[in-house]
Asker: 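Please read through the structure below; I'll follow up with questions.
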Number of protein chains: 2
Amino acid sequence: MGSVSIREVAARAGVSPGTISNVLNRPERVAPQTRERVMRAIQELGFVRHGSASTLRAGHSRTIGLSVIDIGNPFFTDVAAGVEEVASDLGYAVILGNSAGARDKEERNLLVLAEQRVRGVLITPSDDDPARLDALRERGIHVVLVDHPAHRPDQCSVAVNDFSGGQMAAAHLLSLGATRIGYVSGPGSIRQCVERRRGVEQAVAAAGLDPDEAIEVVETPAMTARDGQRAAAALLAAGLPGAVFCANDLLALGFLRELLRAGVRVPRDVALIGYDDIDFAAASAVSLSSVRQPTHRLGRIATELLLDECDHPDTHVHQQVMFQPELVVRESTTGRALAGRDDA
Amino acid sequence: MGSVSIREVAARAGVSPGTISNVLNRPERVAPQTRERVMRAIQELGFVRHGSASTLRAGHSRTIGLSVIDIGNPFFTDVAAGVEEVASDLGYAVILGNSAGARDKEERNLLVLAEQRVRGVLITPSDDDPARLDALRERGIHVVLVDHPAHRPDQCSVAVNDFSGGQMAAAHLLSLGATRIGYVSGPGSIRQCVERRRGVEQAVAAAGLDPDEAIEVVETPAMTARDGQRAAAALLAAGLPGAVFCANDLLALGFLRELLRAGVRVPRDVALIGYDDIDFAAASAVSLSSVRQPTHRLGRIATELLLDECDHPDTHVHQQVMFQPELVVRESTTGRALAGRDDA
DNA sequence: AGCGGGTGATAAGACGTTTTAATACAGTGG
DNA sequence: CCACTGTATTAAAACGTCTTATCACCCGCT
């Protein structure tokens, strides 16, 4: 039942426990010969450092938390993959929390992270309330916002311009001759949904239309394909606009599916565009136009900022990074079959 | 800079530190009135238990590890969602590791988990070598295999019959009149791929064909859509069989995409079936036949087994759970448009 | 009054690591 | 031969919690 401690390694190598610790944490301070001997003892005994003891004494861990809204959404798994790459490279482990859009779940997850004394947290907040995050910061846990611009200059964030993305999507639909746009939004509490909507309104206004009349908004409780299906059913009953913009691709794919099931032709009867440009968007029944975000980079850069903040708190300067999204046009808004991603 | 310790809470509540610990861990042993007072002190001071100190002293944590092969695969995120639900309910946190199919990455992740002194590990091994897992068990870390049947009776596992699934898929293709089947396999090191292939061989033999002649195998380095696309390109060059079975849906979706791009009609020219029945399978350009697995349950049950093993080691009995997969027929093998999942 | 049993709370010693200050030692220049 | 500098190592004190044994107290009973 082998919990080998630093002590036994020390005995085996004929040195003091402190030296083992030095080999582990500042190898350069210990003579090559001793180092070698210690390494061998570690190998032979199968020693594995007790992370908790280390964290307890050192006052901080080599762990960061990642809190996302929906781990079932490829957007977030792409982000997570980017996070994991960087963290892993710098020797940090990642604890993943899925808030599923529920505020209390998010809160529970953050509590767990606080208990684990994570070094920092990457979070896509499920609402706009900064109180919880300030509480973390007061505990000495660094926080970087992901896919959410920081309001204040004393914190890091990495985001993509959602207003602009909404504008692009709507402008594209308008350029196809649409005069009425359905906007399938996620929960009104999610900032991204609100921003994209503002973008739509702006584009509609710029086209000389009245936003109140030209935009039909459907709010869904979450942002899954199922919610998209339901939204489509609702709009089919209420009167379908000739152009629809869904706040993410999962919604759009569900929406599309319901339309096809009902015999609606896309894009002939309805032009449809999603958001995120997840991999599956290009492969759907009618390939889906979308607004692409640099997902993977989002994760990478957020993690780099966070770990810089953790490891070099004195030289670190807070940054609010803002990317620009990119319109990707496919069949669902043009009818041109197999208009694929250029990099595919 | 608020690290409030149990000590300060004790002072505030006018009791000893030991009592705080009791309130936290065995509330029933402390008088309701004192408990109340302590709770208030905890609230007022914003105390958060130091997980590492707790783990160090108690000898075990409230954390489990989950190691998967590809977090970008919806199959695994579905599993992860199930895991997270159960773990969270029982007060456990989940540390997620993505091996990306690489053995050394998996090893690194397991090391991190061992350092964190996780209570147990749920793992879908990326190869069939039991040594690493035995090493974990020797450290007192419980291990449950996910999507991988245990060879020995002294460990828990939750799996789905891959042999049977491969058989189903192949039998289905054969029933359509195919005489030659392409099998797009993932890496040969992955057990699931091998089992499914064995199923295919069995089905082919049962149909009176010679497996060596009737089956064309393409091994891919990983199991992503991109690999599927490459496989399709390869088979297009080498001569496409009239029926193709991909070892998972990501491969199949990529495969499908490349076929359509090349002007091949599905299912008329090629019948195509995938595996896993991820959500996106039903929504693809030509909706994808697949072999459905009870993904979410896989995660839930594996976690229940693991935590039972952790929390009740004396009464726990090891189980090897084996589910049966289910054939889901859609357009890509029948041409019947919009043959959807019955629950959609 | 004395005794036994039960309940609640406490004191103090771990747990395994990191870190600080101290020590030993070899080499160098005077 | 001494004082000094540096380098390599060590001893010992933390870190915050849990836990074991102990203690104080009250109640009811003889």
Side-chain angles (χ1 to χ4, degrees), chain A residues 1-39 41-42 45-63 91 112 114-119 139-140, chain B residues 1-39 41-42 45-63 91 112 114-119 139-140:
Chain A
M1 190 54 142
S3 221
V4 183
S5 90
I6 228 180
R7 213 176 219 72
E8 313 173 42
V9 177
R12 172 91 166 212
V15 295
S16 79
T19 300
I20 311 298
S21 175
N22 280 333
V23 170
L24 259 33
N25 303 305
R26 301 107 126 165
E28 74 281 2
R29 291 204 192 167
V30 45
Q33 178 211 10
T34 336
R35 189 165 49 203
E36 186 50 45
R37 202 146 31 94
V38 169
M39 295 292 228
I42 289 180
L45 296 176
F47 166 80
V48 174
R49 168 224 255 103
H50 196 308
S52 295
S54 168
T55 297
L56 172 59
R57 174 58 234 231
H60 55 81
S61 67
R62 296 288 283 180
T63 312
V112 169
E115 285 196 355
Q116 297 304 121
R117 293 301 194 269
V118 293
R119 200 71 186 283
R139 291 217 158 70
Chain B
M1 192 52 142
S3 222
V4 183
S5 89
I6 229 181
R7 214 177 218 72
E8 312 174 43
V9 177
R12 172 90 165 211
V15 295
S16 80
T19 300
I20 310 298
S21 176
N22 281 333
V23 170
L24 259 35
N25 303 306
R26 301 106 124 170
E28 73 281 3
R29 292 204 191 166
V30 45
Q33 179 211 10
T34 338
R35 190 165 48 204
E36 185 51 45
R37 203 147 30 97
V38 169
M39 296 292 227
I42 289 180
L45 295 176
F47 166 80
V48 174
R49 169 224 257 101
H50 196 307
S52 296
S54 169
T55 296
L56 172 58
R57 175 57 233 238
H60 55 81
S61 67
R62 297 287 283 180
T63 313
V112 169
E115 285 196 354
Q116 296 303 123
R117 294 301 195 269
V118 292
R119 199 71 185 281
R139 291 220 158 68

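So you know, we letter chains A, B, ... as the sequences are listed, proteins then strands, and number each from 1.
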Asker: Is B:V38 close to B:V30 at the side-chain level, that is, under 4.5 Å between some pair of heavy atoms?
Answerer: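 When only atoms from C-beta onward are counted, B:V38 and B:V30 do not touch, as no gap falls below 4.5 Å.
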Asker: Determine, stepwise, if the pair B:R62 / A:V112 fulfils side-chain contact (heavy atoms from CB on, under 4.5 Å).
Answerer: CA-CA 10 Å; B:R62 297 287 283 180; A:V112 169; over 6 Å; no
Asker: Does A:N22 offer a backbone N or O that forms a donor-acceptor pair with the side chain of A:R29 under 3.5 Å?
Answerer: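 Pair absent, no side-chain N/O of A:R29 close to backbone of A:N22.
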Asker: Could you check B:L56 against A:V30 and say which one's nearest nucleotide on DNA chain D is further toward the 5' end?
Answerer: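 Taking each residue's closest nucleotide, the earlier one in sequence belongs to A:V30.
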Asker: Provide the start and end nucleotides, 5' to 3', of the part of DNA chain C that has atoms under 4.0 Å from heavy atoms of chain A.
Answerer: C:dG16 to C:dT19
Asker: Please check: side-chain N/O of A:S61 versus main-chain N/O of A:R117, any donor-acceptor pairing under 3.5 Å?
Answerer: yes
Asker: So, do B:Q116 and B:T55 sit near enough that their side-chain heavy atoms are less than 4.5 Å apart?
Answerer: no
Asker: If you pin B:R29 and A:S52 to their nearest nucleotides in DNA chain C, which one's is more 5'?
Answerer: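 By nearest-heavy-atom nucleotide position, the 5'-most residue is B:R29.
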Asker: Report the residues that fulfil side-chain hydrogen bond (donor to acceptor under 3.5 Å, both in side chains) with A:S21, sequence neighbours left out, ordered by chain and then residue number.
Answerer: A:N25
Asker: Select base, sugar-phosphate, or nothing to describe what B:R35 touches, counting heavy atoms under 4.0 Å on all strands.
Answerer: nothing
Asker: What nucleic acid atoms does A:T19 come within less than 4.0 Å of, heavy atoms only: base, sugar-phosphate, or nothing?
Answerer: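 Touches a base.
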Asker: Mind checking A:R49 for me? I need base, sugar-phosphate or nothing, with any heavy atom below 4.0 Å counting as a touch.
Answerer: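 Sugar-phosphate, backbone atoms only, no base.
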Asker: Identify whether any heavy atom of A:T34 sits under 4.0 Å from a base atom; if not, whether one sits that close to sugar-phosphate; answer base, sugar-phosphate or nothing.
Answerer: sugar-phosphate
Asker: First and last nucleotide of DNA chain D touching chain B, 5' to 3', heavy-atom cut-off 4.0 Å?
Answerer: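 Going 5' to 3' along DNA chain D, contacts run D:dG16 to D:dT19.
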Asker: Is the count of non-hydrogen atoms from other residues, nucleotides or ligands lying under 6.0 Å from B:Q33 atom CD greater than 12?
Answerer: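 Open.
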Asker: Are side-chain heavy atoms of A:L24 and A:R49 found at a separation under 4.5 Å?
Answerer: yes
Asker: Please name all residues satisfying salt bridge (charged side-chain N to carboxylate O under 4.0 Å, His left out) with A:R119, sequence neighbours left out, ordered by chain then number.
Answerer: A:D311
Asker: For the residue pair A:I6 and A:F47, what are the closest heavy atoms and their distance?
Answerer: N-CE1, 3.6 Å
Asker: Looking for any heavy atom pair under 4.0 Å, which part of the strands does A:R117 touch: base, sugar-phosphate only, or nothing?
Answerer: nothing
Asker: Categorize A:S21 for me: base, sugar-phosphate, or nothing, with a 4.0 angstrom heavy-atom threshold over every strand shown.
Answerer: base
Asker: To the nearest 10°, give me the bend of the helix from C:dA1-D:dT30 to C:dG30-D:dC1, comparing the axes of its five terminal pairs at either end.
Answerer: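 End-to-end axis angle for the helix from C:dA1-D:dT30 to C:dG30-D:dC1: 60°, rounded to 10°.
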Asker: Output side-chain donor-acceptor pairs under 3.5 Å for residues 11-20 of chain A, partner residues at least two apart or in another chain, one line each.
Answerer:
residue	atom	partner	partner atom	Å
A:R12	NE	A:E44	OE1	2.9
A:R12	NH2	A:E44	OE1	2.7
A:S16	OG	A:G18	N	3.4

